[in-house]
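Along the sequence shown, the residues carry numbers beginning at 1.
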Amino acid sequence: MSGSADIDAKIASLPDWRGEALAGLRKLIREADPDVVEEVKWRKPSNPMGVPTWSHGGIICTGETYKDKVKLTFAKGASLEDPARLFNSSLDGGTRRAIDIPEGGKIDATAFKALILEAVAVNLASKKR
């Protein structure tokens, strides 16, 4: 399967609110960056479908699902401005930052897309060095 098909399968395997939330976030990522590369990484026996991953010039973010939340972890989140304060998890790390979305949680689509574009810009800038 392709990365996009693998993510489709992952979303389809989540028939509850988490699948809907992950699908909505994925849609926003793709709207923000039509050139984003979708992959599934880190397959293991305890998670055979792996972790959806979005990249452009490096990893932008990963999308993990837990019983009580959908977590988007930004690979270089600590380097990103976050004026809307979307990051609400993994705030103490030196590199990554995450957004945890609980059942019924909403995200500011405009601010989220801006964060995606900033992550792409940071990735591409680090490639030029």
Side-chain angles (χ1 to χ4, degrees):
M1 282 201 279
S2 73
S4 292
D6 287 341
I7 293 175
D8 288 341
K10 177 75 172 190
I11 290 169
S13 77
L14 300 162
D16 59 11
W17 67 270
R18 297 171 301 160
E20 186 177 311
L22 188 58
L25 293 164
R26 176 194 197 190
K27 181 177 183 284
L28 293 175
I29 293 166
R30 291 165 69 163
E31 287 174 1
D33 181 12
D35 295 325
V36 72
V37 175
E38 296 186 312
E39 302 173 275
V40 172
K41 295 181 176 272
W42 306 293
R43 293 178 194 265
K44 56 188 178 182
S46 62
N47 186 12
M49 297 191 87
V51 178
T53 305
W54 292 272
S55 302
H56 185 155
I59 293 175
I60 299 168
C61 65
T62 62
E64 296 176 275
T65 54
Y66 297 91
K67 191 167 136 179
D68 63 340
K69 66 184 164 264
V70 172
K71 178 186 278 295
L72 288 176
T73 303
F74 283 70
K76 296 179 181 172
S79 300
L80 305 179
E81 297 293 323
D82 182 22
R85 298 189 180 263
L86 296 179
F87 291 132
N88 60 8
S89 182
S90 306
L91 301 176
D92 296 332
T95 306
R96 291 181 283 286
R97 295 285 184 272
I99 302 170
D100 287 354
I101 301 163
E103 184 172 4
K106 303 284 184 221
I107 193 160
D108 177 330
T110 301
F112 182 71
K113 288 180 182 182
L115 203 59
I116 294 294
L117 292 175
E118 185 182 356
V120 171
V122 166
N123 283 349
L124 295 177
S126 70
K127 294 282 186 204
K128 292 180 181 178
R129 292 182 197 165

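Here the rule is side chain to side chain contact (heavy atoms under 4.5 Å, CB included) with R97, and of L91, N88, L86 only L91 fits it. Screening L124, V37, L117, I116 for a side chain to side chain contact (heavy atoms under 4.5 Å, CB included) with H56, the sole residue that qualifies is L124.
Here the shortest heavy-atom pairing between A78 and G94 reads CB-O, 3.5 Å. What you find for S126 and N123 is that their closest heavy atoms are OG-O, 2.8 Å. Nearest heavy-atom pair, L72 versus C61, reported as atom, atom and distance to 0.1 Å: CD2-SG, 4.4 Å. Nearest approach of L115 to F87, heavy atoms of both residues: CD2-CZ, 3.7 Å.
Side-chain contact annotation: S4 with E38, donor-acceptor N/O pair under 3.5 Å present. Under 3.5 Å, the side chains of K76 and T95 contain no donor-acceptor pair of N or O atoms.
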Atom pairs and distances, side-chain donor-acceptor, residues 7-15, under 3.5 Å, sequence neighbours left out:
unit_1: D8; atom_1: OD1; unit_2: R26; atom_2: NH1; d: 2.5
unit_1: D8; atom_1: OD1; unit_2: R26; atom_2: NH2; d: 3.2
unit_1: K10; atom_1: NZ; unit_2: N47; atom_2: OD1; d: 3.3
unit_1: K10; atom_1: NZ; unit_2: G50; atom_2: O; d: 3.4
unit_1: S13; atom_1: OG; unit_2: K10; atom_2: O; d: 2.6

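Ion pair R18/E103 not flagged as a salt bridge, since none of the NZ, NE, NH1 or NH2 atoms sits closer than 4.0 Å to an Asp/Glu carboxylate oxygen. We find that D6 and R43 are joined by a salt bridge, their nearest charged nitrogen and carboxylate oxygen being less than 4.0 Å apart.
Side-chain heavy atoms closer than 4.5 Å link hydrophobic residues (I, L, V, M, F, W, Y) into clusters, and following such links, even through other members, never connects I29 to V51.
Once rounded to the nearest 0.5 Å, the distance linking NZ of K106 with CZ of F112 reads 15.0 Å.
Side chains of L25 and V70 form a contact here, defined as non-hydrogen atoms less than 4.5 Å apart.
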